[in-house]
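Chain A is the first sequence line, chain B the second, and so forth, proteins listed ahead of strands; every chain is numbered from 1. Heavy atoms only: backbone and side chains are in, while hydrogens, waters and symmetry mates are out.
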Protein chains: 2
Amino acid sequence: MALFLSTHINKVDKKGRVSVPAQFRDQLSAEAFQGIVLFRSHAHPALEGFAWSYMEEISRRLENFDLFSAEQDDLATTVFGESVQLAFDGEGRVVLPVDLMQFAGVVEQAAFVGLGNKFQIWDAAELEKRRTEARRNVRDKNLTLPKGEAA
Amino acid sequence: MALFLSTHINKVDKKGRVSVPAQFRDQLSAEAFQGIVLFRSHAHPALEGFAWSYMEEISRRLENFDLFSAEQDDLATTVFGESVQLAFDGEGRVVLPVDLMQFAGVVEQAAFVGLGNKFQIWDAAELEKRRTEARRNVRDKNLTLPKGEAA
DNA sequence: TGGATATTTATGGGATAGCATGGGTTTTGG
DNA sequence: CCAAAACCCATGCTATCCCATAAATATCCA
């Protein structure tokens with residue numbers, strides 16, 4: 001299972017290409033599809049990124065919603081309907097579609113934020129605010145990691 | 001499970017490299033990823049160090065949250081997004097990123113402090129102050145070890 | 001036990017390969 | 001036939017590899 005860690009800031013060139021961090025590519029080396037899957041975040045001006053194989057896990061979790069429920073439909077529409085599959089070029093780059101770049105407010109510096117089994121892409125400047133917010137939430141709500149059951 | 005004990009002080013060279021104490025490396029010899037994971041301590045001017053497998057454990061626990069939930073997002077952003085993955089070189093060293101060194105105030109002498117399943121990296125001088133403080137707390141508040149349940 | 005020899009560790013520095021980035025060229029498809 | 005996308009090659013920088021040394025530790029054998 002891929003595990004994405006740390007934050008890498010890479011430049012978007014005028015063709016819309018960005019290097020996917022080498023560390024992230026390593027985590028994806030065993031994947032059948034050599035590339036990433038992206039869609040708009042539901043909560044932030046950012047993009048959610050996954051390994052192709054993880055989309056199956058998302059599908060499985062969506063089935064936990066009531067079939068035909070409004071929520072299931074909405075999620076499925078945004079997640080599957082609007083996701084894009086981006087293949088690496090020979091240098092490990094992907095081309096960010098313009099509409100996704102605009103959605104995330106990515107200008108020139110794209111920040112890849114590792115979040116475990118997924119990652120996010122932020123505009124580098126915008127990310128700082130998000131960071132402070134996340135830190136505050138963790139502290140104020142006293143969020144901790146439950147021991148839970150192994151998945 | 002790795003068990004980090006005692007304190008080792010090693011030098012940071014001008015390339016930013018430090019030898020990870022051999023005792024610590026021994027504890028990590030069974031790890032799939034040969035290296036360490038670091039992030040900023042929330043409580044001290046120091047860095048927290050873990051084995052890769054420990055991050056996998058955290059990742060598993062995060063999977064118990066709903067996908068895209070705010071809690072999952074906040075935790076992952078602070079824990080995974082702000083961590084770095086550092087591989088050993090042939091001599092068992094890692095390169096400390098400059099921003100992390102600055103955060104911990106590490107100048108030249110890095111102190112590796114074993115804390116059980118994790119360890120901390122302090123500036124050697126700063127650590128002395130922390131030590132006296134910790135001793136005083138234990139004495140004044142009469143801290144003891146609870147029997148507790150095994151984790 | 002003791003003293004000589006071999007390993008391991010921490011450290012230093014030069015050589016090398018990999019990564020991020022840029023630009024040109026061919027291919028594709030509408 | 002033209003534009004956009006995929007492919008290919010070039011480059012500077014940095015991280016990684018590799019070798020060397022000294023000190024500390026461990027090992028061995030008489």
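Residues B:Q85 and B:M55 form no side-chain contact, since every pair of their non-hydrogen atoms from C-beta on lies 4.5 Å or further apart.
Taken to the nearest 0.5 Å, the CG atom of B:L86 stands 5.0 Å off from the CG atom of B:L38. Between the CG atom in B:L100 and the CZ atom in B:R40 there is a gap of 5.0 Å [rounded to 0.5 Å]. Note that CG of B:N10 and CD1 of B:I121 are 10.0 Å apart. Values are rounded to the nearest 0.5 Å.
With respect to B:E57 and B:R60, a salt bridge is recorded, a charged nitrogen being found less than 4.0 Å from a carboxylate O. Salt-bridge annotation for A:K141 and B:E71: absent, with no side-chain N of the basic residue lying under 4.0 Å from a carboxylate O of the acidic one. Between B:E82 and A:R135 there is a salt bridge, since at least one side-chain N of the basic residue sits less than 4.0 Å from a carboxylate O of the acidic one.
Reading DNA chain D from its 5' end, the first and the last nucleotide to sit under 4.0 Å from a heavy atom of chain A are D:dA6 to D:dC9. Where DNA chain C meets chain B (any atom under 4.0 Å from a heavy atom), the bounding nucleotides read 5' to 3' are C:dT9 to C:dG14.
B:D74 is linked by a side-chain hydrogen bond (donor to acceptor under 3.5 Å, both in side chains) to A:R130, A:N137, counting only residues two or more places apart in sequence or in another chain.
Summarising the local packing, CH2 of B:W52 is surrounded by more than 12 heavy atoms from other residues, nucleotides or ligands at distances under 6.0 Å.
Sorted by residue number, the members of residues 84-110 of chain B with any non-hydrogen atom under 4.0 Å from DNA chain C read B:E91, B:R93. In the region residues 5-21 of chain A, proximity to DNA chain D at under 4.0 angstrom, judged on heavy atoms, holds for A:K15, A:R17.
B:F39 pairs with exactly one of B:F50, B:Y54, B:F103 by the ring pair (Phe, Tyr, Trp, His ring centres under 6.0 Å) rule, that one being B:F50.
Taking five base pairs at each end of the helix from C:dT1-D:dA30 to C:dG30-D:dC1, the local helix axes there meet at an angle of 60°, rounded to 10°.
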